[in-house]
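Reading through the structure tokens given below for one structure.
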Amino acid sequence: MPNPRVIYWFRTDLRLHDSPALKAALDLNPECLYPIWTWDPHYVYRARVGPNRWQYLLDCQSDLSKSITKLNPQSKLFLIREAPQTLFPKLFKQWKITHLVFEKDTDAYGRERDQKVMALAAEAGVEVVVRYGRTLYDPDELVKQNHGKPTMSLNQVQAAGKKIGEIPRPIAAPTSLPDPGDTSLDFEQEVPESKPDINAIQREGEEESYAKLAGPNGDFAIPTMEELGLKPATTQHRGGETIALKMLDEIIANEDYTATFEKPKTAPTAFEPQATTLLSPHMHFGSLSCREFYWRCQDVVDKYKGHASQPPTSLTGQLLFRDMYFGAQASLGFAFGQTYGNSHCRFIPWHIPSKIDTSSGLITGEYLVDNAQAEIYFQRWREGRTGFPWIDALMRQLKYEGWIHHLGRHAVACFLTRGGCYVDWERGAEVFEEWLIDHEAACNIGNWQWLSCTAFYTQFYRCYSPIAFPQKWDKEGNFVRKFVPELEKYSQKYIYEPWKAPIADQKKWGCIIKGDGSSTLIDGKKAYPKPMFDFPTQREICIEGMRNAYHIGLYGNDSKVLDGTWRKLFSNDAEGPTEGSKGPPGAMVEHEDADGQEENDVHEPPGPKTSRRGEADNKRITGNETEIKYHKREASQRTLDGMVTRKKKRNNSDIADHT
DNA sequence: GTAGCAGTTGCAGTG
DNA sequence: CCACTGCAACTGCTA
């Protein structure tokens, strides 16, 4: 048996402390160890990643590389610019690799990728060692102990966890690392297909992710934002294990904070400093081990003299929720991230639903505009110009800083879905995916389902008010003043509902409430938009829609959802794309009149039409002074890509009938 | 099987 | 300031 020549493949574990996989690699007593990162085209082109999260990733990689070099000046994080699926066979051969070691990844895409890589390793005679350290429990174990079912409540996580046994104690960081061997790359680089490039919008310069295998200088260096063609990051939050451990130390040093932490009591309006730990992005990139975090907290709690908080609201409770979402994702796979085909997600006929690839049963990443008004609501929500200062402040903080408080996420998610716009939670999840520095697919998807009351949580009549909710912590509106500075001078009385301020006051405070926010100046005067709807009215419409959908009681994998016949169960007057009893799969809509329509005219509101809601519609406030009535069919303005036809629909219902 | 209670974080009103 | 209620009513868990 030759001496082990080991590749350690970093992915979700950009750290040296508490890494079961890294320990396994070192336990092989390798002759040489190559710490590598492969530049996965899935991340570069297919996932939604905004500049702030890119920057955070680069921070983590740089810090890790420096830490590796500190332990062994010959070594560092070797960043190789090729897809793992094509790179590894060549690398195994060139570097005479005997072992490949990495941390297990239970994300839907991660599993697919790793299965492929493991097959390639087997072909090359390379032994693969996989260890788990990403959550408290291995999600597959958790699911197994939960009777093979996705973990849908904290109770289930705790019961299953008990059966697995104690959460592993953290492992110390290594004090030395073996040399890497020869690092020459005498083979052709295979450049991955860049289309479709979902991240094109994040770039302003030339994208050179795959310019050369070992980077422009051939030194395996971590790329710069410029090299990736990305727009500069705007966040002040910084990644890396060194920072993470320092932050953790500071939290743990404050025993009262650590032991008595109760999430619902922390203020979503707090900034400088924020009310929660800001450790979530570190756990996403693995620059902090969640088990390290867990045991450092638990040890404080165990010796705490006063009354310590308990799960679910305590710090350790927050980590258990993370495990719950990982367990749900591990069990449901790709279906977890969508309604269509998801056995545990309620079917609600939301507006602007996802397009579905009927051959794979997966959402395509595009969506259909069934209703022009809903599309306007969505765009105004995304851009932080809804006219509700609390919502807009949060969305602006999210885009700029890449992080908002958990309760702030609740507020904007409820507002977009069941408590305001009645827009598909998948739209909101996509925006969070792009902008959050702590975006974790499992947690993001799970929380959107929670807040939209499609899974995990059912009390849809508990609805967050964009006016009353923030007042619980911030009567003065300082948070709004910080992120919506045009309202800075508004009095406390009107800060959350500026449209109620007298015109004279609006002028005095230097900002008029007018328009839809598409322009910050109106007639040369600073302007903040009117609210895009009357909240109490819209809230009633949503609750009625939810009540109806709950009563009908379909889940994403119901044959009626799969084939589109769910429409027969919903009234045409119901909220959502329900017009007519026939239609394509999922919540997609027929677009008989789509031909010849302009792709981009969805932002133009349709002219006044007959109201189907009478009073409710008349109360509606719109940003552009024109009363917008809505009607389901008139808004079908997006050109279909030919995927959805009556014929395909029929085929699909045939399939569905057999299942 | 089923009744009763609890559920990470609602709101408005009352005492 | 807190604690409680009614609102109209969901699912999961326990006994």
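Residue numbers start from 1 in every chain, and the chains themselves are labelled A, B, ... in the order their sequence lines are given, proteins ahead of strands.
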message: Please tell me if A:Arg547 has a side-chain N or O lying less than 4.0 Å from either OP1 or OP2 of C:dA9.
response: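 For C:dA9, OP1/OP2 do have a side-chain N/O of A:Arg547 under 4.0 Å.
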field: Under-4.0 Å side-chain N/O to phosphate OP1/OP2 contact, A:Ser153 with C:dC13
entry: yes
Measure the distance from [atom1] on [X] to [atom2] on [N] and round it to the nearest whole Å.
X	N	atom1	atom2	value
A:Met324	B:dG7	CE	P	14 Å
A:Leu320	B:dG7	CG	P	15 Å
A:Phe460	C:dC7	CZ	P	16 Å
A:Tyr325	B:dT8	OH	P	10 Å
A:Arg322	B:dT8	CZ	C1'	17 Å

If you only use heavy atoms from C-beta on, which nucleotide in [options] is closest to the side chain of [X]?
X	options	result
A:Tyr550	B:dT9, C:dC10, C:dT14	C:dC10
A:Gln459	C:dC10, C:dG12, B:dT9	C:dC10
A:His410	B:dT9, B:dT8, C:dC13	B:dT9

With rounding to whole Å, what would you report as the distance between [N] and [M] at their [atom1] atoms?
N	M	atom1	result
B:dC5	C:dT5	P	13 Å
C:dC13	B:dG1	C1'	15 Å
C:dT11	B:dC11	P	23 Å

field: Letter per nucleotide, 5' to 3', of nucleotides 10-15 of chain B [B base touched, S only sugar-phosphate touched, - untouched; heavy atoms, 4.0 Å]
entry: BSS---
task: Mind checking salt bridge (Lys or Arg N to Asp or Glu O under 4.0 Å) for A:Arg134 and listing every partner two or more places apart, or none if nothing turns up?
output: A:Asp105, A:Asp107, A:Glu440
task: Would you write the dot-bracket representation of DNA chain C, where each base gets (, ), [, ], | or . depending on whether it forms a Watson-Crick or G-U pair under 3.5 Å and with which partner?
output: .||||||..||||||
